[in-house]
There are 2 protein chains.
Amino acid sequence: MILKNQIEWALHCCSLLAAVPDGCYLPTKALAEFHGVPKEYLSKALQALSQAGVIEGTLGPTGGYRLARRPSEITFLDIVEAVEGKASTFACTEIRKANPCLPSKTKTSKTCAVARVMWKADAAWRESLKSTRLSDLAQMIAEDVPPEVLAKSAEWVAARS
Amino acid sequence: MILKNQIEWALHCCSLLAAVPDGCYLPTKALAEFHGVPKEYLSKALQALSQAGVIEGTLGPTGGYRLARRPSEITFLDIVEAVEGKASTFACTEIRKANPCLPSKTKTSKTCAVARVMWKADAAWRESLKSTRLSDLAQMIAEDVPPEVLAKSAEWVAARS
DNA sequence: GTATTAAGGATAGTGATTGTCCTTAGTATA
DNA sequence: TATACTAAGGACAATCACTATCCTTAATAC
Ligand code: SF4
Ligand code: SF4
């Protein structure tokens with residue numbers, strides 16, 4: 001079980017979109033080039049983000065994408081769920097129904113204990129993702145990346161917005 | 001992204017193995033029949049659990065599996081990691097390396113901020129799984145399932161141990 | 001009108017999950 | 001000792017989700 005690689009792409013793209021000047025848009029082409037990933041496929045992830053209302057796109061030359069909200073109002077969970085979906089990572093196939101000791105007049109009791117525990121863990125994962133915002137990420141990156149690289153990247157983005 | 005169905009099987013099997021009388025073993029055949037899943041494939045999950053030291057098997061007639069430790073010393077995490085592996089659910093392909101503004105003399109700084117956040121969420125998920133033990137599950141099930149079904153199941157298991 | 005863009009449908013290629021079959025070796029019982 | 005039963009595990013094939021590419025359509029700026 002592993003998250004799709006689009007998750008990594010989406011997170012990085014949102015991080016980069018946070019550097020786009022106000023009122024401007026950054027096209028898919030630039031995002032794909034910056035990260036060295038296929039433009040066509042990255043487009044699918046961006047479409048998912050757009051549908052989820054995390055980013056918004058506009059057409060034409062000068063078109064592209066920008067964040068739909070301020071970085072402080074976008075969480076990792078928003079991005080992950082846009083690409084990966086909101087469904088729980090644990091799927092229950094109700095194998096308890098096969099229990100030979102279960103009378104056929106099954107009163108379909110509430111969801112079983114196993115599923116409840118797994119769903120609780122899933123919720124803990126999502127809660128953790130929800131606790132980090134895009135603005136927090138920008139701050140972490142600012143501490144990691146040398147200022148000159150950061151400035152150059154911002155310039156690179158601005159030139160294509 | 002979704003957990004493999006063997007996770008559900010493994011959890012249920014461990015739950016059932018907790019009902020095996022002391023010194024006895026329950027064979028794969030019985031576990032598969034009880035849950036209505038293919039015996040051959042379930043066997044793979046049980047082998048993984050065995051290798052992880054969660055359960056232990058023995059050969060011959062009267063052979064089968066039993067828990068390797070007391071239910072209070074087996075957590076959901078033990079079972080999930082035995083089947084699903086210990087690797088993080090987030091894989092980083094280092095796409096930041098493609099950044100055109102990054103000088104080639106990359107000093108491979110520490111793992112990036114994005115990965116750190118994702119790994120932290122992964123850790124929260126595992127921590128939640130770790131907090132529930134097999135003995136807790138038995139208690140939850142005892143509250144959910146009618147006593148007569150519970151007794152009949154225990155009888156069913158004992159007859160095949 | 002032309003160039004550029006997002007949106008999205010259609011369709012392969014790839015790889016992991018799922019499932020089956022078979023062999024090998026250890027164990028209990030008669 | 002012979003037999004029946006078991007776990008362990010290797011070798012596949014089938015299925016399905018993920019990855020990737022290509023193409024069409026519609027909106028926008030110039
Ligand atoms: S017992 Fe729980 S996890 Fe198992 S099949 Fe039933 S609902 Fe699903
Ligand atoms: S920035 Fe982090 S998540 Fe992105 S490629 Fe680099 S290490 Fe991986």
Of the listed nucleotides dT19(D), dG9(D), dT21(D), the one nearest the side chain of K4(A):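 Closest nucleotide among those given: dT19(D).
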Please pick, from dA4(D), dA29(D), dA26(D), the nucleotide with the shortest atom-to-atom distance to any side-chain atom of P61(B).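 Minimum distance to the P61(B) side chain belongs to dA4(D).
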How about CD on E56(B), more than 12 heavy atoms from neighbouring residues, nucleotides or ligands closer than 6.0 Å, or not?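 More than 12 heavy atoms, drawn from other residues, nucleotides or ligands, come within 6.0 Å of this atom.
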Using heavy atoms to find the nearest nucleotide of DNA chain C for L42(B) and E84(B) separately, return the residue whose nucleotide is more 5′.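 With L42(B) and E84(B) compared, the 5'-side residue is E84(B).
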Using the closest heavy atom to pick a nucleotide of DNA chain C for each, name whichever of L59(A) or I2(B) lands nearer the 5' end.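 Residue closer to the 5' terminus by nearest nucleotide: L59(A).
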Check the distance between [N]'s [atom2] and [X]'s [atom1] and give it to me in whole angstrom.
| X | N | atom1 | atom2 | value |
| --- | --- | --- | --- | --- |
| I7(B) | dA16(C) | CD1 | P | 17 Å |
| K44(A) | dT5(C) | NZ | P | 17 Å |
| L17(B) | dA7(D) | CG | P | 11 Å |
| L46(A) | dA6(C) | CG | C1' | 10 Å |
| Y41(B) | dT18(C) | OH | P | 4 Å |
| E40(A) | dA6(C) | CD | C1' | 12 Å |
| W9(B) | dT18(C) | CH2 | P | 8 Å |
| Y25(B) | dT27(C) | OH | C1' | 11 Å |

Which atom pair, heavy atoms only, marks the closest approach of [X] to [Y]?
| X | Y | value |
| --- | --- | --- |
| A121(A) | S128(B) | CA-OG, 3.3 Å |
| F76(A) | R133(A) | CE1-O, 4.3 Å |
| Y25(B) | V20(B) | N-CG1, 4.2 Å |

Can you tell me if the side-chain N/O atoms of [X] get under 4.0 Å from OP1 or OP2 in [N]?
| X | N | value |
| --- | --- | --- |
| N5(A) | dT19(D) | yes |
| T28(A) | dA6(C) | yes |
| Q51(B) | dA8(D) | no |
| S50(B) | dA8(D) | yes |

Using the side-chain contact (heavy atoms from CB on, under 4.5 Å) definition, which of the options V54(B), L17(B), D78(B) pairs with L49(B)?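 Considering V54(B), L17(B), D78(B), a side-chain contact (heavy atoms from CB on, under 4.5 Å) with L49(B) is found only for V54(B).
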